[in-house]
Amino acid sequence: MYVAPSEPTARRRYSRIKIFSRGNLDAVIKQDFQEENTMSGELENASRRGFIKGSLMMIPAVSVGSGVSLTVAADVPPANLSDYQPIFFDADEWRFIIAACDRLIPSDGTGPGALETNVPIFIDRQMEGRFGHATDWYMKGPFHEDASPLFGYQSPLVPRDVYRKGIAATRRYCQQTHGKDFSGLDEKTRDRVLTQLESGEIAFDDVSASQFFDFLLQNTKEGYFADPIHGGNKHMAAWKFIGFPGARASYREWVDQHDRAYPLGPVSLTGERG
């Protein structure tokens with residue numbers, strides 16, 4: 001079983017996103033302060049005003065830095081995984097993604113699994129976004145697979161092509177070795193195949209097995225912990241599990257209070273409250 005660590009990944013990749021309006025933001029900040037004031041009454045009026053001002057000034061930096069569009073209604077409910085229609089993966093590829101994510105962050109632990117948090121939906125959307133097309137990457141040769149990671153990504157294949165070729169090659173391997181498609185294997189066998197991909201024990205002709213696994217694991221972790229606006233982390237279940245407050249406007253007052261559980265639920269970028 002693979003467990004997703006909570007440390008940030010080296011590269012963060014996002015598809016186009018939307019966020020609440022300025023008016024909605026004001027309402028979210030106001031409600032955050034009301035909740036915290038009801039709980040403890042510790043904040044001074046001056047510090048509240050200063051924090052609100054600082055928070056509003058930071059919003060343009062977020063939108064510019066991420067290079068994304070920030071305008072969506074906060075009341076759009078998350079999709080149900082069972083009803084979702086993939087926009088990139090075909091039916092066979094989609095079954096693979098679901099089966100793989102189910103083993104990378106399984107649902108049999110103490111917290112929610114990848115399927116409960118819509119991680120496959122996150123990955124599917126990434127394939128049609130800037131990450132899937134490697135829009136912001138340097139993609140000119142020469143490419144040397146044995147080069148140091150300091151030299152960056154070493155393949156002419158953009159991530160969506162790595163996924164497509166990697167899934168097809170892994171499914172062929174499973175058919176030839178185990179007589180079944182990957183999605184039809186039992187959990188222990190799926191774990192073994194994923195371990196072989198990670199270690200490079202399995203070699204493919206047209207794509208790096210280890211690179212394919214690296215993308216798969218990286219995107220699974222991102223989908224699990226990212227803001228729900230990207231398609232995963234349904235209802236902020238992963239944030240609730242680790243006690244992360246999300247985009248709460250008043251969280252600054254709790255930064256230095258170590259070894260204390262944060263008493264309020266998380267808030268997403270769209271204003272959803274956990």
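The shown structure was predicted, so the numbers you read here are calculated from the model rather than taken from an experiment. In what follows, residues are counted from 1 in the order of the sequence shown.
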Enquirer: Could you report the tightest heavy-atom contact between Phe122 and Gly232, atom names first, then the distance?
Expert: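 For Phe122 versus Gly232, the nearest heavy atoms are CB-N, 3.8 Å.
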Enquirer: Less than 4.5 Å apart, any side-chain heavy atom of Phe213 and any of Ser199?
Expert: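 No, too far: nothing below the 4.5 Å cut-off.
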Enquirer: Same cluster or not: Val158 versus Phe151, using hydrophobic residues (I, L, V, M, F, W, Y) connected whenever any side-chain heavy atoms lie under 4.5 Å apart?
Expert: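 No: no chain of side-chain contacts under 4.5 Å links Val158 to Phe151.
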Enquirer: For the side chain of Asn233 and the backbone of Asp227, is there at least one donor-acceptor N/O pair under 3.5 Å apart?
Expert: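 Answer holds: no.
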Enquirer: Roughly how far, to the nearest 0.5 Å, is CD1 of Ile202 from OG1 of Thr177?
Expert: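 Interatomic distance, Thr177 OG1 to Ile202 CD1, rounded to 0.5 Å: 7.0 Å.
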Enquirer: Using the ring of each side chain (for Trp, its six-membered ring), is Phe215 parallel, tilted or perpendicular to Tyr153, with breaks at 30° and 60°?
Expert: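 Ring orientation of Phe215 relative to Tyr153: tilted.
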Enquirer: Determine the minimum heavy-atom distance between Gly231 and Asn118, stating which atoms define it.
Expert: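 Minimum heavy-atom contact is O-CB, 3.3 Å.
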Enquirer: Roughly how far, to the nearest 0.5 Å, is CG of Asn219 from CE of Met127?
Expert: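 Here the interatomic distance stands at 5.0 Å.
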Enquirer: Do you know the tightest heavy-atom contact between Ile123 and Cys101?
Expert: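 Taking every non-hydrogen atom into account, CD1-SG, 3.7 Å.
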Enquirer: Side chains of His235 and Glu272: does their closest heavy-atom pair fall under 4.5 Å?
Expert: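 A side-chain contact under 4.5 Å exists here.
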Enquirer: How close do Arg248 and Gly265 get, heavy atom to heavy atom, and via which atoms?
Expert: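 Of all heavy-atom pairs spanning Arg248 and Gly265, the closest is NE-O, 2.5 Å.
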Enquirer: Working to the nearest 0.5 Å, report the span between CG of Asp161 and CZ of Phe212.
Expert: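 It is 12.5 Å, given to the nearest 0.5 Å.
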Enquirer: How long is the span from the CZ atom in Phe241 to the CZ atom in Phe225, to the nearest 0.5 Å?
Expert: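 Rounded to the nearest 0.5 Å, the CZ-CZ separation comes out at 8.0 Å.
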Enquirer: Are a donor atom and an acceptor atom from the side chains of Asn80 and Ser82 found within less than 3.5 Å of each other?
Expert: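 On atom types as modelled, these side chains do not qualify, holding no pair under 3.5 Å.
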Enquirer: How close do Ser107 and Gly113 get, counting heavy atoms only, and between which atoms?
Expert: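 Taking every non-hydrogen atom into account, OG-CA, 3.6 Å.
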Enquirer: Report yes or no: does Gln154 contribute a side-chain atom to a donor-acceptor pair with the main-chain N or O of His144 at less than 3.5 Å?
Expert: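 Confirmed, Gln154 side chain pairs with His144 backbone.
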Enquirer: Quick one: do Arg95 and Asp92 make a salt bridge, cutoff under 4.0 Å?
Expert: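 Counted as a salt bridge, because a side-chain N and a carboxylate O are separated by less than 4.0 Å.
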Enquirer: If you round to the nearest 0.5 Å, how far is CZ of Arg103 from CG of Asp191?
Expert: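 Interatomic distance, Asp191 CG to Arg103 CZ, rounded to 0.5 Å: 4.0 Å.
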Enquirer: Strictly under 6.0 Å, is that where the ring centroids of Tyr163 and Phe96 end up?
Expert: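 No, too far apart.
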Enquirer: When you measure from the side chain of Asp186 to the backbone N and O of Arg190, does any donor-acceptor pair fall under 3.5 Å?
Expert: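 A pair under 3.5 Å: no.
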Enquirer: Is the closest basic N to carboxylate O distance between Glu93 and Arg171 below 4.0 Å?
Expert: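 The answer is no: the pair does not qualify as a salt bridge.
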Enquirer: Let me confirm one number: the CG-CD distance from Leu217 to Glu222, rounded to the nearest 0.5 Å.
Expert: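 Atom-to-atom, Leu217:CG and Glu222:CD are 10.0 Å apart.
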Enquirer: Would Phe131 and Tyr138 show up in the same hydrophobic cluster when neighbours are defined by side-chain heavy atoms closer than 4.5 Å?
Expert: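 They do not share one cluster, since no chain of ILVMFWY contacts under 4.5 Å joins Phe131 to Tyr138.
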Enquirer: Does Glu116 pair with Lys234 as a salt bridge, N-O distance under 4.0 Å?
Expert: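 No salt bridge links Glu116 with Lys234.
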Enquirer: Within the structure provided, determine whether Ile97 and Asp124 are in side-chain contact (heavy-atom separation under 4.5 Å).
Expert: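 Not touching, per the 4.5 Å side-chain cut-off.
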Enquirer: Check the pair Arg160 / His133 against side chain to side chain donor-acceptor pair (under 3.5 Å), numbers first and verdict last.
Expert: CA-CA 7 Å; Arg160 57 190 272 134; His133 291 273; 3.1 Å; yes
Enquirer: For the residue pair Ala237 and Thr117, what are the closest heavy atoms and their distance?
Expert: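 So the minimum-distance heavy-atom pair works out to CB-CG2, 3.8 Å.
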Enquirer: Is the shortest side-chain heavy-atom distance between Pro228 and Thr270 below 4.5 Å?
Expert: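 Contact flag for Pro228/Thr270 side chains = no.
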Enquirer: For the residue pair Trp94 and Tyr84, categorise the inter-ring angle as parallel (less than 30°), tilted (30 to 60°) or perpendicular (more than 60°).
Expert: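 Tilted: the ring planes of Trp94 and Tyr84 meet at 30° to 60°.
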Enquirer: Establish whether Ile242 and Met236 are linked, either directly or via other cluster members, by ILVMFWY side-chain heavy-atom contacts under 4.5 Å.
Expert: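 Yes, it is one cluster - the side chains of Ile242 and Met236 are joined through contacts under 4.5 Å.
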Enquirer: So is Arg172 actually on top of Phe204's ring, under 6.0 Å and inside 45° of the axis?
Expert: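 Output no; distance or angle outside limits.
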Enquirer: Quick one: does Asp102's side chain have a donor or acceptor within less than 3.5 Å of a partner on Leu115's backbone?
Expert: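 No: the side chain of Asp102 does not pair with the backbone of Leu115.
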Enquirer: With a 4.5 Å heavy-atom cut-off, do Trp137 and Pro159 have their side chains touching?
Expert: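 Yes; the side chains approach each other to less than 4.5 Å.
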Enquirer: Can you tell if the side chain of Gln175 reaches within under 4.5 Å of the side chain of Asp181, non-hydrogen atoms only?
Expert: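 Heavy-atom side-chain distance check passes, below 4.5 Å.
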Enquirer: Side chains of Leu157 and Asp206: does their closest heavy-atom pair fall under 4.5 Å?
Expert: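 A side-chain contact under 4.5 Å is absent here.
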